[in-house]
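See below for the structure under consideration.
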Amino acid sequence: MAGAGGGGCPAGGNDLQWCFSQVKGAVDEDVAEADVISTVEFSHSGDLLATGDKGGRVVIFQREQENKSRPHSRGEYNVYSTFQSHEPEFDYLKSLEIEEKINKIRWLPRQSAARFLLSTNDKTIKLWKISERDKRAEGCNLQDEDGRLRDPSSVTALRVPILKPMDLMVEANPRRIFANAHTYHINSISVNSDHETYLSADDLRINLWHLEITDRSFNIVDIKPANMEELTEVITAAEFHPHQCNVLVYSSSKGTIRLCDMRSSALCDRHSKFFEEPEDPSSRSFFSEIISSVSDVKFSHSGRYMMTRDYLSVKVWDLNMESRPVETHQVHEYLRSKLCSLYENDCIFDKFECCWNGCDSAIMTGSYNNFFRMFDRTTWRDVTLEASRENSKPRASLKPRRVCAGGKRKKDEVSVDSLDFSKKILHTAWHPAENIIAVAATNNLYIFQDKAN
Amino acid sequence: MECALDAQSLISISLRKIHSSRTQRGGIKLHKNLLVSYVLRNARQLYLSERYAELYRRQQQQQQQQPPHHQHQHLAYAAPGMPASAADFGPLQLGGGGDAEAREPVARHQLHQLHQLHQLHLQQQLHQHQHPAPRGCAAAAAGAPAGGAGALSELPGCAALQPPHGAPHRGQPLEPLQPGPAPLPPPAPTALCPRDPRASAACSAPSAPPGAAPQAATAASPPASPAPASSPGFYRGAYPAPSDFGVHCSSQTTVLDLDTHVVTTVENGYLHQDCCASAHCPCCGQGAPGPGLASAAGCKRKYYPGQEEEDDDDEDAGDLGAEPPGGVPFAPCKRARFEDFCPDSSPDASNISNLISIFGSGFSGLVSRQPDSSEQPPPLNGQLCAKQALASLGAWTRAIVAF
């Protein structure tokens with residue numbers, strides 16, 4: 001069965017064949033820590049693709065217009081803008097270094113020619129304006145061509161400046177800096193559907209901001225106990241509902257999700273809905289708490305469902321049913337017997353993300369060995385694919401991979417013990433409308449497309 | 001790839017993670033440390049329940065041999081019938097004294113200090129008495145063995161390294177160990193062993209002010225990679241059986257005041273403070289209220305200069321090392337350096353129980369998950385007291401959230 005799993009809206013239920021499209025990033029074996037990609041996000045139209053890395057940089061790719069004369073390019077993504085979003089900081093009061101790693105990027109809906117995105121590290125959120133400049137003014141009266149100011153008294157005649165084309169220049173300017181609102185590490189930001197506010201969540205608190213106001217934010221969720229010794233859970237992810245601007249959800253390290261309605265009270269400590277699946281007592285282990293911790297929560301585009309990712313599975317929840325998820329997909333169940341080793345090498349703390357396709361018919365998440373998994377919700381088929389340089393021939397089809405959990409390993413199967421746990425795919429993104437996916441494999445960004453058409 | 005699901009190795013690994021998280025770039029990650037504390041709790045539960053069952057079995061054996069008053073202690077500590085799951089802290093904790101009663105919060109930290117030093121006391125006992133030392137939760141103790149009677153105690157981290165039975169100088173064979181696989185030494189304490197006690201954040205986190213930890217931690221050598229758990233399955237009874245709790249009541253007690261850096265050996269004391277906190281402590285026979293040591297004869301330890309740590313006390317240090325709020329007079333001594341510390345022996349896995357006690361509760365919210373033990377009437381053993389004491393000791397968690 002080839003290419004099963006995943007479908008953008010156009011393809012519907014047809015089986016898809018995923019093909020390699022592009023890969024960005026260095027080929028070196030030696031990966032610089034700063035180059036490790038830490039977040040990937042498509043813009044709302046899908047024509048821009050932003051990545052953030054551990055070095056605090058943001059790289060934005062833009063999809064080329066489809067060119068009839070070059071039918072093969074099929075809308076490739078090329079670098080559009082690169083800028084340093086965050087720098088390492090030092091908190092002198094606490095003697096702590098604040099990492100510059102970009103934890104999340106979220107695009108704002110487009111409202112003008114310029115593009116806006118929010119990027120955040122552990123402590124500070126920044127609103128960046130990315131604008132194009134392809135004209136420059138010539139013949140200014142008060143300054144020379146090279147920008148030096150002229151003495152006004154030397155100007156004897158006035159002229160109207162002329163706009164002349166220039167090479168496209170993409171500028172990124174920080175328009176707002178939202179700082180000093182979080183004591184703990186920010187793990188999520190989410191733009192509200194009202195396009196005016198957004199939330200930022202750290203381990204214990206969620207704050208609501210107005211995009212225009214940087215000196216004030218409102219705390220809407222606070223789960224910090226009076227006595228920190230009584231702490232039992234932290235917030236791991238939060239998101240606004242895609243359509244209802246008063247609804248947000250946040251997940252916890254205990255594997256629960258709370259839905260809050262901001263209309264009910266100013267402080268949303270009391271949830272409106274509480275989603276929790278009862279634990280299976282037979283599967284209890286030392287690491288039960290760790291593997292049940294939710295690492296990502298995402299609303300479906302429709303707003304009717306939400307998806308959570310814990311260490312071994314993804315679960316789809318119907319917002320109308322709190323008692324259990326409507327779907328549970330095993331990502332890499334074969335790791336359940338390896339939890340002890342994964343604990344030792346810290347892999348059990350990896351925070352995998354998940355994403356929906358444009359029409360919510362498929363979901364995708366990452367795994368180890370540069371594998372990533374897709375689950376088709378309509379056909380209930382799943383597939384494991386690999387992002388590797390070996391499969392990097394242009395338009396080469398991706399072959400489904402299989403992991404052999406034990407026993408006799410068949411040909412083409414990868415045994416669990418030979419998985420490379422240093423190659424983990426934590427961040428993936430799906431184009432909002434088409435079958436194009438971006439997969440971050442350490443310091444490389446892979447772009448795959450379907451072979452339809 | 002497989003690793004033995006050994007409770008002790010898990011505990012040591014967890015402690016090492018907590019310790020190393022303090023030096024990680026970006027500050028302490030609350031989420032990760034919370035998850036590690038869950039693993040610690042789970043491993044501790046399992047370990048203690050096993051240990052408890054083991055001790056109970058030994059108790060039964062020993063009861064026939066012990067003099068009656070000691071037997072009383074044994075019975076008190078044995079608390080037979082304790083469900084394994086509730087055996088969070090049993091006789092493993094404060095071996096001596098009936099410090100089972102509930103502690104005032106004030107005294108808890110002091111109890112903890114004493115817990116940490118209990119091992120030192122144990123060593124002395126081994127040296128002086130023919131009894132196996134009660135196992136204490138004092139991760140710190142271990143002061144004596146290396147240097148003999150005059151040895152000085154270091155903070156828990158170092159003490160924890162000292163295998164009560166392994167030190168050659170002891171000359172006192174401990175109770176025969178259970179035949180079993182070799183103990184797995186917790187690597188973190190080992191690595192920290194010769195260091196500044198403050199550096200042994202992993203072991204002594206509850207006591208060491210969090211502020212000191214990062215600096216000290218950087219000074220500490222990187223933890224040795226954990227010896228792979230050679231023991232298949234669970235590690236059983238590799239400890240000297242601290243079954244003779246009664247001994248504790250009539251022997252020396254050595255206490256390190258982590259705040260004033262003073263070590264006191266009390267001739268006739270129990271690890272008293274909480275033991276006597278409530279009026280009915282059978283072993284000490286006194287209703288001495290409040291924390292503090294039973295101050296029979298206190299002898300001061302040698303003081304080794306250069307041991308003075310920067311006292312990076314943040315707000316937590318005050319809790320930890322405060323003067324005993326009245327009660328039995330407490331003779332402070334200078335803190336001493338534990339020289340010749342941590343000889344050949346790598347930290348004995350047996351000392352993990354000490355470490356467990358320190359990190360055992362972690363966030364008390366975890367402890368609250370075991371309601372059964374808290375509901376029981378406080379038996380005359382270290383169980384409840386230790387449980388409560390340790391339940392409230394979240395100093396190392398404070399370290400996590402200190403930023």
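All values below come from the heavy atoms of this structure, side chains included, with hydrogens, waters and symmetry mates left out. From a predicted model like this one, the values you see are computed outputs, not experimental measurements.
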- Task: Check whether any side-chain N or O of A/Asp53 sits under 3.5 Å from a backbone N or O of A/Val36 as a donor-acceptor pair, and report yes or no.
- Result: no
Honestly, the part of A/Ser293 sitting under 4.5 Å from a heavy atom of chain B is side chain
Worksheet item: Charged N to carboxylate O under 4.0 angstrom, A/Asp202 versus A/Lys123?
Response: no
Less than 3.5 Å apart, any donor N or O on the side chain of A/Asn121 or A/Asn103 sitting next to an acceptor on the other? no
Honestly, the part of A/Tyr343 sitting under 4.5 Å from a heavy atom of chain B is both
If one checks every heavy atom of A/Leu204 against chain B at 4.5 Å, the contacting part turns out to be side chain
When the 4.5 angstrom heavy-atom criterion is applied to A/Asp346 and chain B, the contacting part is both
Pair A/Lys315 + A/Glu277, salt bridge at N-O below 4.0 Å:
yes
So, the part of A/Lys351 with a heavy atom under 4.5 Å from chain B: the answer is side chain
Whatever's closer than 4.5 Å to a heavy atom in chain B on A/Ser95 counts as neither
How are the rings of A/Phe352 and A/Tyr368 set relative to one another: parallel (under 30°), tilted (30 to 60°) or perpendicular (over 60°)? perpendicular
